[in-house]
Enquirer: 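Could you have a look at this structure, given as structure tokens, before my questions?
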Amino acid sequence: MGLGDDIRRGLSAIRDADEVTVISHIDADGISTESILAQAIAREGIPVTSVFVRQLEPMAMRHVPKDASLKVFTDLGAGQQSLLEEHGLSAEEVLIVDHHVAQPCETEYQQVNCLDHGYTKMSAAGVAYLMAKELDPGNIDLAKLAVVGNVGDMMARETCGLVGPAREIVEDGVAAGNVLVRKRDLNCYGTSTRPIHVCLGYSDDPYIAGISNNTSAALRFLQKLKVQLKTGDGRWLVWEELSHEEKRTIISALTQQLIASGKETDRLLGEVYLFPDEPARTPLRNASEYATLLNACGRWAKPRIGAGVCRGDRGPAYRDAEYMLSHHRAIIRELLQYILDAGVTELSNLQYTHTGEKFPDTIVGIGAGMALSKLNWRKPILIMSAVIDDAEITKVSVRTNEWAIARGVDLQDAMMKASEAVGGAGGGHKIAAGAFIPKEKEEEFVNRVNRILKEQSALQDPDDS
Ligand code: C5P
Ligand code: C5P
């Protein structure tokens, strides 16, 4: 049975339903997944309502309606099947559309999970889109949202572009006319909205000596190249507005700078996805900026605003989303600075810190991901934070990179085992995972994670890496 078979089985459950409830995650992938699937289902004339939860944990189960609807869990559910079972949900009333590692349980819940078929570089929005397209080929306008979800969940990061089925979805977007591909463009966040020196100065992948982490140095570097950086009336140009020649001039200067400091140049360029139906110089124009806009809504408890934007609301929802985005950016910068200033405690195989009540638990994972390259990138970084509405619980976010994964690290496995051992619950991916644990078990938990990471690395044959 391939992914296509699972998709067809899942769709037959949807077609047979009198009513559907979509229960989705609050991040960019969760919001775009919900928007794809709920719109596709509504287009079939099936009544559909949506619920967003920040994580599928016992407290969140109260948002799952106890009614006759088919409950479609999206971008979550695979790793929490025993929770569904504990809440008395039967196999007939559940469909899971996900890309997380599945947790086996007695009840055989129906799943459409790309991970079951070996696709590790596709997010839930990609799976949802494949379902929408199978439901009606006319749904290819929704491929654009799948590109946002995939890019938002970092599926393009390691490969500097989407690959496999996620890349095929890009072609559907191109055919639909709302996705544009820039094949070898600058691999840098903010190319549609930020002044070019800000774009370069905020980026550290690849790390370019004398430019990364220093916007004034980046500006001086660009000024020397004599490229036009402002319009006639004094507005900063964004990268997307430059001519092909100007881009080439900058890229070749950046390449030389990398070579001069003995660094690889392969990550300087990547595939970039733009949306020609969106206004220029807005975050909606570019897949990675669009994804940040959705994250800003969802992670600050307003996923429905993001869902409105995905459905084309360019009035009130978009205005609110823009406000959320500027707030999100400011706090993320503060969070990153806090982590760097406070420093981390290093164990043999792990580095960790605690942000207490200073930042909402929904964003600390983003800070962990950003801090990793600025700290000891060889050791996974774990951040604990207080959960605002539950003093007994600590939220954990942990991040690593492909380098560590090649050496045996599996954060999903570590979070699941260590949290279970202290009476919590966790999961995610090899590269990015999280957990909820009892507050009084923090120290024991961290030591367990460190031990598991040590075992994982020891199990890996050094010749394999
Ligand atoms: O739901 P979960 O898939 O929702 O987590 C997504 C988060 O995990 C992203 O925001 C990203 O920070 C991180 N992630 C990553 N690399 C991956 C997959 C996820 O950094 N390959
Ligand atoms: O919250 P955070 O961004 O750190 O989550 C990273 C990944 O870990 C996500 O894919 C999320 O779904 C997963 N996770 C989980 N169980 C938790 C917390 C996070 O499976 N209790």
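Just so you know, these numbers use all the heavy atoms, side chains as well, and skip hydrogens, waters and symmetry mates. Every number for a ligand or one of its atoms is a count from 1 in the order of the listing.
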Enquirer: Hey, is K374 close enough to D204 for a salt bridge, meaning N to O under 4.0 Å?
Expert: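 Result for this pair is yes, salt bridge flagged.
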
Enquirer: Regarding atom 9 (C) of ligand 2: of the candidates M415, H100, Q80, which has the closest heavy atom?
Expert: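 Selected option, by shortest heavy-atom distance: H100.
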
Enquirer: Could an N or O of ligand 2 be found under 3.5 Å from any N or O of V396, whether backbone or side chain?
Expert: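 No, there is no polar N/O contact under 3.5 Å.
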
Enquirer: Please verify whether a non-hydrogen atom of D29 lies at under 4.0 Å from ligand 1.
Expert: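 The answer is no, since D29 has no heavy atom less than 4.0 Å from ligand 1.
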
Enquirer: Starting from atom 4 (O) of ligand 1, what is the nearest protein heavy atom, named by residue and atom, and what distance separates them?
Expert: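 Answer for atom 4 (O) of ligand 1: D27 OD2, 2.9 Å.
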
Enquirer: Does the plane of the ring in W300 sit parallel, tilted or perpendicular to the ring in H328? Use 30° and 60° as the thresholds.
Expert: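 Perpendicular.
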
Enquirer: Check each of H429, Q55, R157, R299 against atom 20 (O) of ligand 1 and report the one with the nearest heavy atom.
Expert: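 Answer by nearest heavy atom: R157.
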
Enquirer: Of the choices D75, D153, L372, which has the non-hydrogen atom that lies closest to atom 6 (C) of ligand 1?
Expert: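 Answer by nearest heavy atom: D153.
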
Enquirer: Do me a favour and list the nearest non-hydrogen protein atom to atom 13 (C) of ligand 1 with residue, atom name and distance?
Expert: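 Heavy-atom neighbour on the protein nearest atom 13 (C) of ligand 1: A432 CB, 3.4 Å.
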
Enquirer: Can the ring centres of F359 and Y338 be said to be less than 6.0 Å apart?
Expert: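 Judged by ring-centre distance (under 6.0 Å), F359 and Y338 do meet the cut-off.
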
Enquirer: Checking side chain to side chain contact (heavy atoms under 4.5 Å, CB included) between L268 and each of L186, D205, N187, which is the one that passes?
Expert: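 Answer to the side chain to side chain contact (heavy atoms under 4.5 Å, CB included) test with L268 among L186, D205, N187: L186.
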
Enquirer: Checking K144 against D277 for the salt bridge (charged side-chain N to carboxylate O under 4.0 Å, His left out) test, could you report, in this order, the C-alpha distance in whole Å, the side-chain angles of both residues, the deciding distance, and whether it holds?
Expert: CA-CA 10 Å; K144 170 182 166 184; D277 58 335; 3.0 Å; yes

Enquirer: Determine, for W403 and R378, whether the Lys NZ or Arg CZ falls below 6.0 Å from the six-membered ring centre while staying within 45 degrees of the axis.
Expert: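 Judged by the rule, R378 and W403 form a cation-pi pair.
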
Enquirer: Please could you name the atoms of ligand 1 that H25 approaches to less than 4.0 Å, counting only its heavy atoms?
Expert: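 This gives 1 (O), 4 (O) as the contact atoms.
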
Enquirer: Please compare S397, G427, G426 and report which has the shortest non-hydrogen distance to atom 14 (N) of ligand 2.
Expert: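 Answer by nearest heavy atom: G427.
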
Enquirer: Considering only heavy atoms, does S419 approach ligand 2 within less than 4.0 Å through its side chain, its backbone, both, or neither?
Expert: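 Within the 4.0 Å criterion, S419 makes no contact with ligand 2.
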
Enquirer: Under a 4.0 angstrom heavy-atom cut-off, which atoms of ligand 1 come close to H99?
Expert: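 It comes down to these atoms of ligand 1: 3 (O).
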
Enquirer: Assess the residue pair R167 and E271 against the criterion (salt bridge (charged side-chain N to carboxylate O under 4.0 Å, His left out)); give the C-alpha distance rounded to whole Å, side-chain angles, the decisive distance to 0.1 Å, and a yes or no.
Expert: CA-CA 10 Å; R167 182 62 180 77; E271 204 165 77; 2.7 Å; yes

Enquirer: So if I count the atoms of ligand 1 from 1 in the order they appear, which ones are less than 4.0 Å from some heavy atom of I431?
Expert: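 Counting from 1, the qualifying ligand atoms are 15 (C), 16 (N), 17 (C), 18 (C), 21 (N).
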
Enquirer: Which option out of K395, R54, R399 puts a heavy atom nearest to atom 1 (O) of ligand 2?
Expert: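 Considering heavy atoms of K395, R54, R399, the nearest to atom 1 (O) of ligand 2 sits in K395.
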
Enquirer: Only one of R157, R407, K121, K430 passes salt bridge (charged side-chain N to carboxylate O under 4.0 Å, His left out) with E402; say which it is.
Expert: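 Of the listed residues R157, R407, K121, K430, the salt bridge (charged side-chain N to carboxylate O under 4.0 Å, His left out) partner of E402 is K121.
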
